[in-house]
Enquirer: 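The structure that follows is given in the form of structure tokens.
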Amino acid sequence: MENLLTNDIVKQKYANYEYLKENKINPYPSDIKKDIMAEELRKKYKSLGQEEISEKQYWVAGRMVALRGHGKTAFGHIEDFSGKIQFYGRKDELGEEFFEIFRKVDLGDFIAVKGNVFRTKTGEITIRMKEFKLVSKSIQPMPEKFHGVKDVELRYRRRYVDLIANSEVKDIFIKRSLIIQKIREFMSNRDFLEVETPMMHTIAGGAAARPFTTHHNTLDMDLYLRIAPELYLKRLLVGGFEKVYEINRNFRNEGISIKHNPEFTMMEVYQAYADYNDMMDLTEDIFNHIAIEVCGSEEIEYQGEKLSFKKPFARLTMVESIEKHANIKLDESMEQEDIFEIAKSNGIGSAEKSMSRGELINLIFEEKVEEKLIQPVFIYKYPVEISPLSKNNEKEPRYVDRFEIFAYGREMGNAFSELNDPFEQEKRFLEQISKRSDGDEEAHRMDKDYVLALQYGMPNAGGLGLGIDRMIMLFTDSSSIRDVILFPTLRPNKEEENKS
RNA sequence: GGAUCAUUAGCUCAGAUGGUAGAGCAACUGACUCUUAAUCAGUGGGUCGAAGGUUCGAUUCCUUCAUGGUCUACCA
């Protein structure tokens, strides 16, 4: 305990804690109840007149965030989850002894206050304190009340302090919850069933990414944290489910950035007897619906840029988007060598001779186009080489029936007509495996059981994956994914660890 | 992984071409019976991120390290 008393403020508050205990005030009681939330109370008495006082008394409770003493009276504010409420206490009503005890209550303590409701001269609805109880003693210093906490490291590491000090942070996470709730409601209304599939996989499949590894002791085997639920969800289509979705965490052992966190939330949707066009409509509907429901408008502002989620969103093939945004014309007569030369002559240094035609087209797209896709847009007709789980286009088998949706230059989602031909699927896996043996750590792994599942038959289906965190960034105007994840991944602070 | 910037009191921030540091809020003492970033008077609080080096002297200059931000790479 002693080593936690690191500074004078903590020592001082700890002394108050001891004083209260000695005076038979339990600093951490179990029996505190409250009658009403601050916001609700203010709403209820919003028409209360200047000299009026309520007959009824209420217990309100929350963190004491302000205290203004005036000799024989005091004003303060209690903050609960709904907002703040002012309280007012007078020595002539409460007595000497009460005031003596109340002096040992510190800013930051959770308290409960009981009293009638009245309106002050300045018009604020206020509780006139008749009784108070200590709810929970706080011995850590509170952050600065006016500027809040700005140190981002402190904000992410001790999110609770961030939440205490910066009310807009709380609002973002309330909005996050609302967005996810609205998505579930939307899916449910369309008869999609929410399911849960394993987070621990023996084969990390369904995406191109490096996985995290863990180990099961009793079975003595390595497991991977999933990089995508895709292959399990499609097994459900084999089993007879027709409309399923899952909203849950994926884990990818890769770089951290403003738009990447090692664990992130993804929604995947699968619908039998549908294709990628149906997924496009669904995606459009979801974004449009969330914009209206959560932001109250089809037009939102993100990082100073106006984004319109009015239907329909623009739709461009990958090749068209390259012509439109990079002014590079590709046509079907061009083969791998031609496209390689075009990439090189357009300054794409990472283009390599060993890349396939489709990989080169995709590279040009990523280098020259992606960042320019500010307004929501569907890019479709993806090269088959980079899409091992998608179905070939029937007319042009070099491409697959796949799209990605972009907004603000970022990939927000990915969807395709699901490849359900077990022979073609096995061939695609084998191609991926040869890429792995050539050193591509992100290439897909062979999943024999998945091929076996397809041999039982899977109806034609459309599948969609949406990056929920990135979507929430858009609708909360957050510049970093860390601002929409309560506890983003950080390195442990060694000094802090040594102290404890 | 690379580049770059940052790290000063509990919090938000100043500061010195190198002579061991200030403000506001918070804390403490006192005054004050309608305040709300309350006010007024006073007090305490710092290994200037860590370790080395240069120097008579380093928080300041140099090197390394730690943590974080941004960009970049990786990330379909």
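This is a predicted model, so every value here is computed, not measured. Below, chain A is the first sequence line, B the second, and so on; all start at residue 1.
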Enquirer: Quick one: is A:Arg68 getting a side-chain N or O under 4.0 Å of the B:C40 phosphate, OP1 or OP2?
Expert: no
Enquirer: Distance check: side-chain N/O of A:Arg155 vs OP1/OP2 of B:G69, anything under 4.0 Å?
Expert: no
Enquirer: When you get a sec, tell me which of B:C13, B:C11, B:C34 is the closest nucleotide to the side chain of A:Thr120?
Expert: B:C34
Enquirer: A:Val117 versus A:Ile125: any side-chain heavy-atom pair under 4.5 Å?
Expert: yes
Enquirer: Assign A:Glu442 to base, sugar-phosphate, or nothing according to its heavy-atom contacts below 4.0 angstrom with the strands shown.
Expert: sugar-phosphate
Enquirer: Across all strands shown, which nucleotide pairs with B:C34 by Watson-Crick or G-U wobble geometry, both distances under 3.5 Å?
Expert: none
Enquirer: For the side chain of A:His260, starting at C-beta, report the closest nucleotide among B:U29, B:C75, B:C11.
Expert: B:C75
Enquirer: Can you find a heavy atom in the side chain of A:Leu67 that is under 4.5 Å from one in the side chain of A:Phe102?
Expert: yes
Enquirer: Please give the distance between the C1' atoms of B:G10 and B:C28 as a whole number of Å.
Expert: 14 Å
Enquirer: Just the rounded figure in Å: distance from P of B:C75 to CE of A:Met266.
Expert: 16 Å
Enquirer: Separation of A:Lys259 atom NZ from B:U70 atom P, in whole Å?
Expert: 13 Å
Enquirer: Find the distance A:Phe146:CZ to B:G24:P and express it as a whole number of Å.
Expert: 16 Å
Enquirer: What nucleic acid atoms does A:Gly69 come within less than 4.0 Å of, heavy atoms only: base, sugar-phosphate, or nothing?
Expert: base
Enquirer: Considering only atom P, compute the distance from B:U64 to B:G24 and round it to an integer number of Å.
Expert: 39 Å
Enquirer: Under 3.5 Å for both donor-acceptor distances, Watson-Crick or wobble: does B:C28 have a partner, and if so which one?
Expert: B:G42
Enquirer: Starting the side chain at C-beta, find the nucleotide from B:C71, B:C11, B:C34 nearest to A:Phe118.
Expert: B:C34
Enquirer: For A:Glu144, which contact category applies under a 4.0 Å heavy-atom criterion: base, sugar-phosphate, or nothing?
Expert: base
Enquirer: Count the heavy atoms of every other residue, nucleotide or ligand shown that sit under 6.0 Å from NZ of A:Lys130, and state whether that count exceeds 12.
Expert: yes
Enquirer: Looking at A:Lys324, I'd like to know if its NZ atom is crowded, meaning that more than 12 non-hydrogen atoms belonging to other residues, nucleotides or ligands lie closer than 6.0 Å.
Expert: no
Enquirer: Record whether the side chain of A:Glu153 comes under 3.5 Å of the base of B:U7 through a donor-acceptor pair of N or O atoms.
Expert: no
Enquirer: Heavy atoms from C-beta onward define the side chain here; which of B:G68, B:U33, B:U12 lies closest to that of A:Tyr88?
Expert: B:U33
Enquirer: Look at the side chain of A:Asp106 and decide which nucleotide, out of B:U35, B:G69, B:C28, has an atom nearest to it.
Expert: B:C28
Enquirer: Quickly work out the A:Glu367 CD to B:C75 P distance and round it to whole Å.
Expert: 11 Å
Enquirer: Which of the following nucleotides, B:U33, B:G10, B:C71, is nearest to the side chain of A:Ile258?
Expert: B:C71
Enquirer: Quick check for you: among B:U33, B:G45, B:G68, whose closest atom lies nearest to any side-chain atom of A:Thr73?
Expert: B:U33
Enquirer: Does A:Arg491 get its side chain close enough to the base of B:U67, under 3.5 Å, for a donor-acceptor pair?
Expert: no
Enquirer: Any strand is fair game: report the nucleotide pairing with B:A73 by Watson-Crick or G-U wobble, both distances under 3.5 Å, or none.
Expert: none
Enquirer: B:G45 and B:U29: how far apart are their C1' atoms, nearest whole angstrom?
Expert: 15 Å
Enquirer: With ring pair (Phe, Tyr, Trp, His ring centres under 6.0 Å) as the criterion, how do A:Phe313 and A:Phe378 come out once you've worked through the C-alpha distance, each side chain's angles and the decisive distance to 0.1 Å?
Expert: CA-CA 7 Å; A:Phe313 304 170; A:Phe378 291 111; 5.7 Å; yes
Enquirer: Take atom C1' in B:U60 and the same atom in B:U17, then report the distance between them in whole Å.
Expert: 10 Å
Enquirer: Base, sugar-phosphate alone, or nothing: which one does A:Arg482 contact when heavy atoms must sit under 4.0 Å apart?
Expert: sugar-phosphate
Enquirer: Give A:Asp151 one of three labels, base, sugar-phosphate or nothing, depending on what nucleic acid heavy atoms sit under 4.0 Å from its own.
Expert: sugar-phosphate
Enquirer: Output the rounded distance in Å from CD (A:Gln12) to P (B:U43).
Expert: 18 Å
Enquirer: Determine the Euclidean distance between corresponding C1' atoms of B:G53 and B:A41; express it in Å to zero decimal places.
Expert: 49 Å
Enquirer: Which nucleotide, if any, forms a Watson-Crick or G-U wobble pair with B:A66, using both distances under 3.5 Å?
Expert: B:U7
Enquirer: Which nucleotide, B:U12, B:U67, B:C34, lies nearest any side-chain atom of A:His147?
Expert: B:U12
Enquirer: Rounding to an integer number of angstrom, what distance separates B:A37 and B:C25 when you compare their P atoms?
Expert: 13 Å
Enquirer: Considering only the C1' atoms, how many Å lie between B:U20 and B:C48, rounded to the nearest integer?
Expert: 9 Å
Enquirer: Roughly how many Å apart are B:U8 and B:U47, using the P atom of each and rounding to a whole number?
Expert: 11 Å
Enquirer: Quick check on RNA chain B: between A:Ala207 and A:Ser480, whose nearest nucleotide comes earlier from the 5' end?
Expert: A:Ser480
Enquirer: Any side-chain N or O of A:Lys145 under 4.0 Å from OP1/OP2 of B:C11?
Expert: no
Enquirer: Heavy atoms only, 4.0 Å cut-off, all strands: where does A:Asn362 land among base, sugar-phosphate and nothing?
Expert: nothing
Enquirer: Base, sugar-phosphate, or nothing: which does A:Glu124 touch, judged by heavy atoms less than 4.0 Å apart?
Expert: base
Enquirer: Near A:Arg436 CZ, under 6.0 Å, is it more than 12 heavy atoms from other residues, nucleotides or ligands?
Expert: yes
Enquirer: Aromatic ring centroids of A:Tyr232 and A:Tyr270 under 6.0 Å?
Expert: no
Enquirer: To the nearest angstrom, how far is A:Phe75 atom CZ from B:A38 atom P?
Expert: 12 Å
Enquirer: So what does A:Ala66 touch, heavy atoms closer than 4.0 Å: a base, only the sugar-phosphate, or nothing?
Expert: nothing
Enquirer: In whole angstrom, give the distance that lies between atom CG of A:Leu154 and atom P of B:G69.
Expert: 13 Å
Enquirer: A:Leu363 CG to B:C75 P: how many Å, rounded?
Expert: 11 Å
Enquirer: In terms of heavy-atom contacts, does OH of A:Tyr224 have more than 12 from other residues, nucleotides or ligands at under 6.0 Å?
Expert: no
Enquirer: Do A:Phe98 and A:Phe132 come close enough that some side-chain heavy atom pair is under 4.5 Å?
Expert: yes
